[in-house]
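Below is one structure, written out as structure tokens, with a few remarks after it.
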Amino acid sequence: MNLDQALQEISAAPSLEALHTLKVQYLGKNGLVTQEMKTLGKLSPEERKEKGRALNEIKEKLTAALAAREAAIKEQSLQEQLEREALDVSLPGYAFPSGGLHLISQIQKELLDIFRTMGHSVVEGPEVESEFFNFDGVNMPEWHPARDMQDTFWLQPPEGFTIQGPFGESVNDLGSALLRTHTSPMQVRYMVQHTPPFKIVVPGRVFRYEQTDASHEAMFFQLEGLVVGEGITMADLKGAITELARGLFGAEGRVRFQPTFFPFVEPGAQFAMWWPERQKWLELGGAGMVHPNVFKAVDDYREKLGLPRAYEGVSGWAFGFGLERLALLRYGIPDIRYFYQQNRLSFLRQFRN
Ligand code: FA5
């Protein structure tokens, strides 16, 4: 065998596999060097010594060359890997399109923040509701003409479906299922479950079986407010709504109340806010002092569950208004259908937060 050629082959080996093949070829059990070693026994002692030393030298040189090449190959592949996997942290990232909150979500958030600073808790209720909480419990029994004020989507729930009361009890026997027409049913649910005093606001989606037009949708959002305790008066209601007006429109915020009828309040009012930018009143929603029949319905329900009556001798106020109407007036949007029916991004992006 030719040592120089072998060394050259080793230093030119392109991979660890090729290197291994060479190692076997020269130093393996049947390798060239090993075979030469085996011939030593046939030689004279002089020659054996001479050739033995020469073979050992060759073996050492080959071993060293193999080790050196192995180290070099490993180093090179490490370098290649490092280059391949290098990150250029100075490159700009991918620009993912980012979403934003729908205008109505933004307004809802703003309103909840205003009421949180006034000490209200935020609670939510179910959209699939029982006739009992949506109507009877808020002093709108079946025969009451006021039911016609809120056209209703009635539901026929599938077999085995239960509408749950505030404690998870079934209320299927208390009336039909419907999509809530306002957030007021949550007044009853909350009062059944809690004892006064408390302050809450209830945001949520409501549904009415209505012909849609520029100011009417079949689905819209309301915000309900309810404060109950001893000695609560209409003045407190006015104070809270005034605070709301200031929160929305700054120091100039003013409110106007006009008497009106809602079955669940007495006295009842509709309220409007002064809209400084447009110098006009902005009709927002209804409010009033909680009707005694609502407290009575709540206490009767509590009693039925074995809870003590808790609403005798207290008073409270409530309000409810529509978020879309507020948005229409505040931003001068001409048609409520822009919000959900059209839902165009070009429209929504104008209100990107
Ligand atoms: C109610 O829903 C009462 N529950 C409000 C209330 C609560 C009064 C507590 C007193 C005490 P009304 O049906 O007027 O009332 O609806 C309230 C507001 O919801 C309206 O002023 C309006 O802003 C909004 N609204 C009503 N119908 C629609 C509709 N079809 N599309 C969009 N907004 C509506």
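Read the numbers this way: they start at 1 and go in the same order the structure lists the ligands and their atoms.
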*Report yes if some N/O of Thr181 lies less than 3.5 Å from some N/O of ligand 1; otherwise report no.*
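Thr181 vs ligand 1: no N/O contact under 3.5 Å.
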
For [atom], which of [options] has the closest heavy atom?
atom                    : options                        : result
atom 16 (O) of ligand 1 : Glu324, Met219, Gln222, His182 : Gln222
atom 18 (C) of ligand 1 : Gly288, Gly322, Ser184, Ala269 : Gly322
atom 14 (O) of ligand 1 : Phe262, Phe319, Phe220, Phe321 : Phe262

*Could you list the atoms of ligand 1 found under 4.0 angstrom from a heavy atom of Gly320?*
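This gives 5 (C), 6 (C), 7 (C), 9 (C) as the contact atoms.
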
*Contact atoms of ligand 1, heavy-atom distance to Leu284 under 4.0 Å*: 21 (O), 23 (O)

*Does ligand 1 have an atom that lies less than 4.0 angstrom from a heavy atom of Ser215?*
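Flag set, Ser215 near ligand 1.
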
For ligand 1, which part of [X] has a heavy atom less than 4.0 Å away: the side chain, the backbone, both, or neither?
X      : answer
Gln270 : neither
Ala218 : neither
Arg208 : side chain
Phe264 : side chain

*Is it the case that Arg189 places NZ or CZ above or below the six-membered ring of Phe133, under 6.0 angstrom from the centre and within 45 degrees of the axis?*
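Yes, Arg189 lies over the aromatic ring of Phe133.
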
*Identified salt bridge (charged side-chain N to carboxylate O under 4.0 Å, His left out) partner of Arg205 from the options Glu217, Glu129, Glu127*: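 Result for salt bridge (charged side-chain N to carboxylate O under 4.0 Å, His left out) with Arg205: Glu127.
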
*Where at least one partner belongs to residues 139-167, residue pairs that pass ring-ring contact (aromatic ring centres under 6.0 Å, His included), sequence neighbours excluded*: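 Non-adjacent pairs meeting ring-ring contact (aromatic ring centres under 6.0 Å, His included): Phe153-Tyr209.
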
*Got the closest protein heavy atom to atom 31 (N) of ligand 1, with its distance?*
Glu217 N, 3.0 Å

